[in-house]
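The structure under discussion appears below in the form of structure tokens.
Since this is a predicted model, take the numbers as computed values, not measurements.
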2 protein chains.
Amino acid sequence: MNKRIADLNRYLADKGLKITRQREAVAQVFFDTDGHISAEELYVKVSRSYPGVGLTTVYRTLKLLKEAGLAKERRFAEDSQGVFEKEDTARHHDHLICIRCGKIVEFKEPLIEKLQDEVAQRHGFSVEDHKMELYGLCSSCRTA
Amino acid sequence: MNKRIADLNRYLADKGLKITRQREAVAQVFFDTDGHISAEELYVKVSRSYPGVGLTTVYRTLKLLKEAGLAKERRFAEDSQGVFEKEDTARHHDHLICIRCGKIVEFKEPLIEKLQDEVAQRHGFSVEDHKMELYGLCSSCRTA
DNA sequence: TGAGAACATGATAATCAATTTCAATTACCG
DNA sequence: CGGTAATTGAAATTGATTATCATGTTCTCA
């Protein structure tokens, strides 16, 4: 059915972990979600289709998905809870966030990544990952 | 004595807030600290020179310092603890973080900021602030 | 200068997301 | 199938941060 579910199952098998109803339910709903979702929100969504899955299990499954490289955790505002999004390594992106309405736009800028590598090299670092968030006003909020 | 303490006192006066022993103690120790420090760490440090200042007050003072534009709060990786650093608006910088030893190097790259503005403009955004963190291995950890 | 009003303090309690615990349940290897 | 190790979910716990509140301090203005 789903390539990503298969990826997860392969990861579980490799680690000697088990494929359970709950894990498949959480993963399925997560993979069907676009954009960002918190553990709490995902829990509510999963409960609708597959009642009886606990919040604890949602947290645990998200952790597994991260370990398997299938999900990525983000933390936008400095006070909020973590949110998760599908990891698509082929399409790494950064975020543009409106400080008034909260709108989030994803973008990718290879030139910036190239410069990041250069800067890191200058300091003797190799870059494994990065996080870049631009905070500002979107067009609607600017004219309003 | 200290220009920054004066800045803080001016801010407090403007807001109708009061200059207290505790606020000066926390601010003084904070301004004497280079790099990043958590509220808890600052509390310990303050307690050595000025015993009897509560953790609650350290949190409250750091919040004031942020509001006054004299401190900046950061949250690296997915660590749940926020850290603070002196804000020197004339020298905004980003961070290079070693994922093995935790070493943090600050850097500034005007070219990247120029590109950020361009990307934002393309999406109708104005940029007010940004956060960029590069995660990788420092030279010592790479060769170890 | 001194009294009063407003603000600040600090111990403790409360919050909130996230993790741990643990007894009961389930997957899966042979 | 049977046994064992992994998994589950409810509840308890953690860890960082914030709110509460009675008491103490600062600062204004007469």
Side-chain angles (χ1 to χ4, degrees), chain A residues 5 8-30 36-47 49-68 71-84, chain B residues 5 8-30 36-47 49-68 71-84:
Chain A
I5 292 287
L8 173 61
N9 289 348
R10 202 171 310 123
Y11 176 80
L12 292 173
D14 273 11
K15 293 272 177 181
L17 304 177
K18 292 169 183 171
I19 297 169
T20 66
R21 249 175 292 118
Q22 292 92 330
R23 281 176 181 165
E24 288 209 323
V26 174
Q28 190 61 67
V29 174
F30 176 70
H36 313 88
I37 192 166
S38 70
E40 202 84 35
E41 287 163 351
L42 184 56
Y43 167 65
V44 171
K45 225 174 155 190
V46 169
S47 296
S49 320
Y50 309 86
V53 173
L55 177 57
T56 310
T57 296
V58 172
Y59 271 106
R60 281 192 283 230
T61 305
L62 282 169
K63 197 176 185 182
L64 276 176
L65 289 170
K66 269 201 301 185
E67 287 165 20
K72 190 148 189 117
E73 186 172 4
R74 307 260 181 192
R75 205 173 285 269
F76 292 121
E78 82 248 327
D79 54 328
S80 69
Q81 58 183 338
V83 290
F84 298 81
Chain B
I5 293 287
L8 172 60
N9 289 348
R10 202 170 312 124
Y11 175 82
L12 292 174
D14 273 9
K15 293 272 177 180
L17 304 177
K18 292 168 182 169
I19 297 168
T20 66
R21 248 174 292 117
Q22 292 92 331
R23 281 178 180 163
E24 288 208 325
V26 174
Q28 191 59 68
V29 175
F30 176 70
H36 312 87
I37 192 167
S38 69
E40 201 84 33
E41 287 162 352
L42 183 56
Y43 168 64
V44 171
K45 225 174 155 188
V46 169
S47 296
S49 320
Y50 309 87
V53 173
L55 176 57
T56 310
T57 295
V58 172
Y59 271 105
R60 280 191 284 231
T61 305
L62 282 169
K63 196 175 184 182
L64 276 176
L65 289 170
K66 269 201 301 183
E67 286 165 20
K72 191 150 188 114
E73 185 171 6
R74 307 261 183 191
R75 204 171 285 269
F76 294 118
E78 300 133 17
D79 278 351
S80 47
Q81 192 174 39
V83 291
F84 298 79

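Listed here is the closest heavy atom pair of A/I37 and A/K45: CD1-CD, 4.1 Å. In plain terms, the two heavy atoms of A/G54 and A/Y43 that are nearest each other are C-CE1, 3.7 Å.
In this structure, B/R23 reaches the C/dT9 phosphate: one of its side-chain N or O atoms is under 4.0 Å from OP1 or OP2. The phosphate of D/dT26 (OP1 or OP2) has a side-chain N or O of B/R21 nearer than 4.0 angstrom. Proximity of B/T57 to the phosphate of C/dG10: a side-chain N or O atom is located under 4.0 Å from OP1 or OP2. Applying the 4.0 Å criterion to OP1 and OP2 of D/dT17, one finds that B/Y59 has a side-chain N or O inside that range. Within the 4.0 Å cut-off from OP1 or OP2 of C/dT9, at least one side-chain nitrogen or oxygen of B/T20 is found.
Atom pair B/L64:CG and C/dC7:C1' shows a separation of 12 Å (rounding to whole Å applied). Put simply, CD on B/E24 is 16 Å from P on D/dT25, counting in whole angstrom units. Atoms CZ (B/R60) and C1' (D/dT17) sit 12 Å apart, rounded to a whole Å. The distance between atom CZ of B/F84 and atom P of D/dT17, rounded to the nearest whole Å, is 7 Å. Atom CD in B/Q81 sits roughly 7 Å away from atom C1' in D/dA16 (whole-Å rounding). In this entry the distance linking CD1 of A/I19 with C1' of C/dT25 reads 18 Å, nearest Å. Atom CD of B/Q22 is separated from atom P of D/dT25 by 9 Å (rounded to the nearest Å). In this entry the distance linking CG of A/L62 with P of C/dA17 reads 15 Å, nearest Å.
In this structure, the nucleotide among C/dA18, D/dT17, D/dG9 sitting nearest to the side chain of A/E73 is C/dA18.
Positionally, the nearest nucleotide of DNA chain C for B/L17 lies more toward the 5' end than for the other of B/L17 and B/T56. The 5' end of DNA chain C is approached more closely, in terms of each residue's nearest nucleotide, by B/Y43 than by the other of B/Y43 and A/K18.
Side-chain contact check for B/K15 versus B/L64: every heavy-atom pair is 4.5 Å or farther apart. Between A/T57 and A/R60, some side-chain heavy-atom pair lies under the 4.5 Å cut-off.
Checked options B/E40, B/E73, B/K72, B/R74; the residue passing with B/V83 is B/R74 (criterion: side chain to side chain contact (heavy atoms under 4.5 Å, CB included)).
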